[in-house]
2 protein chains.
Amino acid sequence: MKPRAALLTIGRLAEAVGVNVETIRFYQRKRLLREPPRPLGGIRHYSAEDVARVKFIKAAQRIGFSLNEIHHLLRLNEGMQCDAAAELATHHLQDVRTRLQDLRRMEVTLANLLDQCHRGGKKVACPLIAALQTNKVEAS
Amino acid sequence: MKPRAALLTIGRLAEAVGVNVETIRFYQRKRLLREPPRPLGGIRHYSAEDVARVKFIKAAQRIGFSLNEIHHLLRLNEGMQCDAAAELATHHLQDVRTRLQDLRRMEVTLANLLDQCHRGGKKVACPLIAALQTNKVEAS
DNA sequence: CTTGACTCCGTACCTTAGTACGGCAGTAAG
DNA sequence: CTTACTGCCGTACTAAGGTACGGAGTCAAG
C-alpha cells in the first residue's frame, strides 16, 4: 500500500505552518489559497507549495500587509502580464521601502536604548517617539 | 484677547495627524494617550508631544505592531527601570530584526521582478513566495 | 463492527481597531 | 435670541481576521 500517512491533509498543513485548521479553511474562502484536489471521498490534500504559500501569508502579515494586499502580492507570483505586474510591484516596492526606513529607525533606537542600559544608568530616557517621525508622516 | 485659535483641541490634533477625532478618544480610552489637561470649562488641550505620540502610533502600526505592542514600546519612552526596559527592548529588537529581514527580501524580490519586466519579457515568473521563507523553511 | 481521530460543511461567535450616532453644553456671529 | 460650530460623553455599529461549534461522513485499528 502507498503510504497514506504521508498525505498532506488540512490538519497536517495547519500544523506544519503553525496555524489553526479553521484558518486554512478561512484562507480558502478568501481565495488566498486554491481549493486543493480531493481525489478520494472528498478529503482535500495539499502540496508543499501550499505550505510555502501559507507561510508567505503569515510572514507578509507580520510585516504589516493586510490579507487584501497579500492577495495582490500573490497574484504577482502566478505569472501575470508584465505591465500590470510592474505597476503593482512598483507600488508595493515603495510601500516596502517606507516600512524599511521606519523599521531601521526603530532598530537603531532600541539598540541605543539597550546600549545606554548596559552602560549602567539606572533610568533610561528613550527618544523612541522621535525615531519614527524623523522622516515624516506628512498628512496628505 | 489670548490667541484662543492657537489652542490644540482634539479636532486640531486629529487633523494634524490625519486621523479621526474618535480615534484620538479611542486611544485615550486605551491609555495609549494620556488624558490631557482641561483648564477651562472642560475642553482638553493637547501639546506638540501628543501629536508626535499619535504619529508614532500610526507609524508603528504600518510596520506591523499591534496597539498592544505599541503600548509596550511607548512605556519604554517614559523612563522606566533599566532592567525592565532592557528586557522589553531586547525582545522587540529581535522582533524588529526578523521583520527587517523579511522586508529586505520582499524589497529585493519586487525590485528583481520590476527589472525582469523592464528587460522585456511579456510574462514574468516571480519567486515571491520563496522570498519570505528563505529564512526558515524546514518543512519536512 | 465499534471506537477514536480526522475530515467536511455551514453558521455563529470573538477580538482588534476603529467609526458613527445622538444628546447636551459653551461660545461666536448674525 | 437663534443658528452654527465645536467639544463632551456614552453607547452602538462595522470590518478584518480569525475561532469555535455541532452534526455528519470517513477511515484505520482493535
Side-chain angles (χ1 to χ4, degrees), chain A residues 1-46 50 53-74 139, chain B residues 1-47 50 53-74:
Chain A
M1 295 298 126
K2 279 295 83 190
R4 178 70 57 89
L7 234 167
L8 197 48
T9 63
I10 195 168
R12 285 174 212 277
L13 168 58
E15 196 191 11
V17 186
V19 303
N20 200 304
V21 168
E22 307 298 325
T23 305
I24 304 293
R25 298 211 311 120
F26 175 72
Y27 289 168
Q28 270 158 198
R29 260 177 276 143
K30 289 276 170 155
R31 332 235 74 221
L32 285 161
L33 218 51
R34 49 152 207 167
E35 278 292 339
R38 311 164 55 160
L40 349 120
I43 290 180
R44 290 181 262 247
H45 69 279
Y46 298 84
D50 293 313
R53 209 172 160 99
V54 179
K55 282 190 176 171
F56 174 84
I57 293 171
K58 282 293 158 192
Q61 275 186 310
R62 277 196 300 276
I63 52 181
F65 288 98
S66 70
L67 290 188
N68 223 307
E69 291 168 319
I70 292 170
H71 189 78
H72 288 121
L73 288 170
L74 284 169
Chain B
M1 300 298 124
K2 284 292 77 194
R4 179 69 58 87
L7 236 165
L8 198 47
T9 64
I10 195 169
R12 283 173 214 276
L13 169 57
E15 196 190 12
V17 187
V19 303
N20 200 306
V21 168
E22 307 298 325
T23 304
I24 304 294
R25 295 215 311 123
F26 175 71
Y27 289 166
Q28 269 159 200
R29 260 177 276 145
K30 289 275 167 156
R31 331 234 74 220
L32 285 160
L33 218 51
R34 47 146 210 174
E35 279 291 340
R38 311 163 56 160
L40 350 120
I43 289 179
R44 289 181 264 249
H45 68 281
Y46 297 86
S47 65
D50 294 313
R53 210 172 159 97
V54 180
K55 281 186 179 176
F56 174 84
I57 295 172
K58 282 293 157 191
Q61 276 186 309
R62 278 195 299 278
I63 52 182
F65 288 98
S66 69
L67 290 187
N68 222 306
E69 291 168 319
I70 293 170
H71 188 78
H72 288 120
L73 288 170
L74 283 169

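Each chain gets a letter, A, B and so on, in the order the sequences are listed, and its residues count up from 1. Quick caveat: nothing in here was measured; it's all calculated off a predicted structure.
Judged by distance alone, the side chain of Arg12(A) and the main-chain N or O of Leu7(A) form a donor-acceptor pair under 3.5 Å.
If you take CD1 on Ile43(A) and CD1 on Ile10(A), they are separated by 11.0 Å, rounding to the nearest 0.5 Å. To the nearest 0.5 Å, the span separating CG on Leu73(A) from CG on Asn68(A) amounts to 10.5 Å. Annotation: the span from Leu32(B) atom CG to Leu74(B) atom CG amounts to 6.5 Å, rounded to 0.5 Å. Atoms NE2 and OG, from His71(B) and Ser66(B) in turn, are 11.0 Å apart once rounded to the nearest 0.5 Å.
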Practice problem: Can you run through DNA chain D from 5' to 3' and write each base as (, ), [, ], | or . depending on how it pairs? Watson-Crick or G-U wobble, both distances under 3.5 Å. | Solution: ||||||||||||||||||||||||||||||
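For dG18(C), neither phosphate oxygen OP1 nor OP2 lies less than 4.0 angstrom from any side-chain nitrogen or oxygen of Asn20(B). For the OP1/OP2 pair of dT19(C) and a distance below 4.0 Å, the side-chain nitrogens and oxygens of Thr23(B) include at least one atom meeting the criterion.
Computed from coordinates, the Leu7(B) CG to dG26(C) C1' distance equals 14 Å when rounded to whole Å.
Counting heavy atoms of neighbouring residues, nucleotides and ligands inside a 6.0 Å radius, atom CZ of Arg29(A) exceeds 12 of them.
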With a cut-off of 3.5 Å and sequence neighbours excluded, list every side-chain donor-acceptor pair involving residues 20-28 of chain B.
{"residue": "Asn20(B)", "atom": "OD1", "partner": "Glu22(B)", "partner atom": "N", "Å": "3.0"}
{"residue": "Tyr27(B)", "atom": "OH", "partner": "Lys58(B)", "partner atom": "NZ", "Å": "3.3"}
{"residue": "Gln28(B)", "atom": "OE1", "partner": "Tyr46(B)", "partner atom": "OH", "Å": "2.6"}

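The shortest heavy-atom contact between Arg44(B) and Pro36(B) is CD-CG, 3.4 Å.
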Practice problem: At under 4.0 Å between heavy atoms, which parts of nucleotides 2-17 of chain C does protein reach? Answer with one letter per nucleotide, 5' to 3': B base, S sugar-phosphate only, - none. | Solution: -----SSBB------B
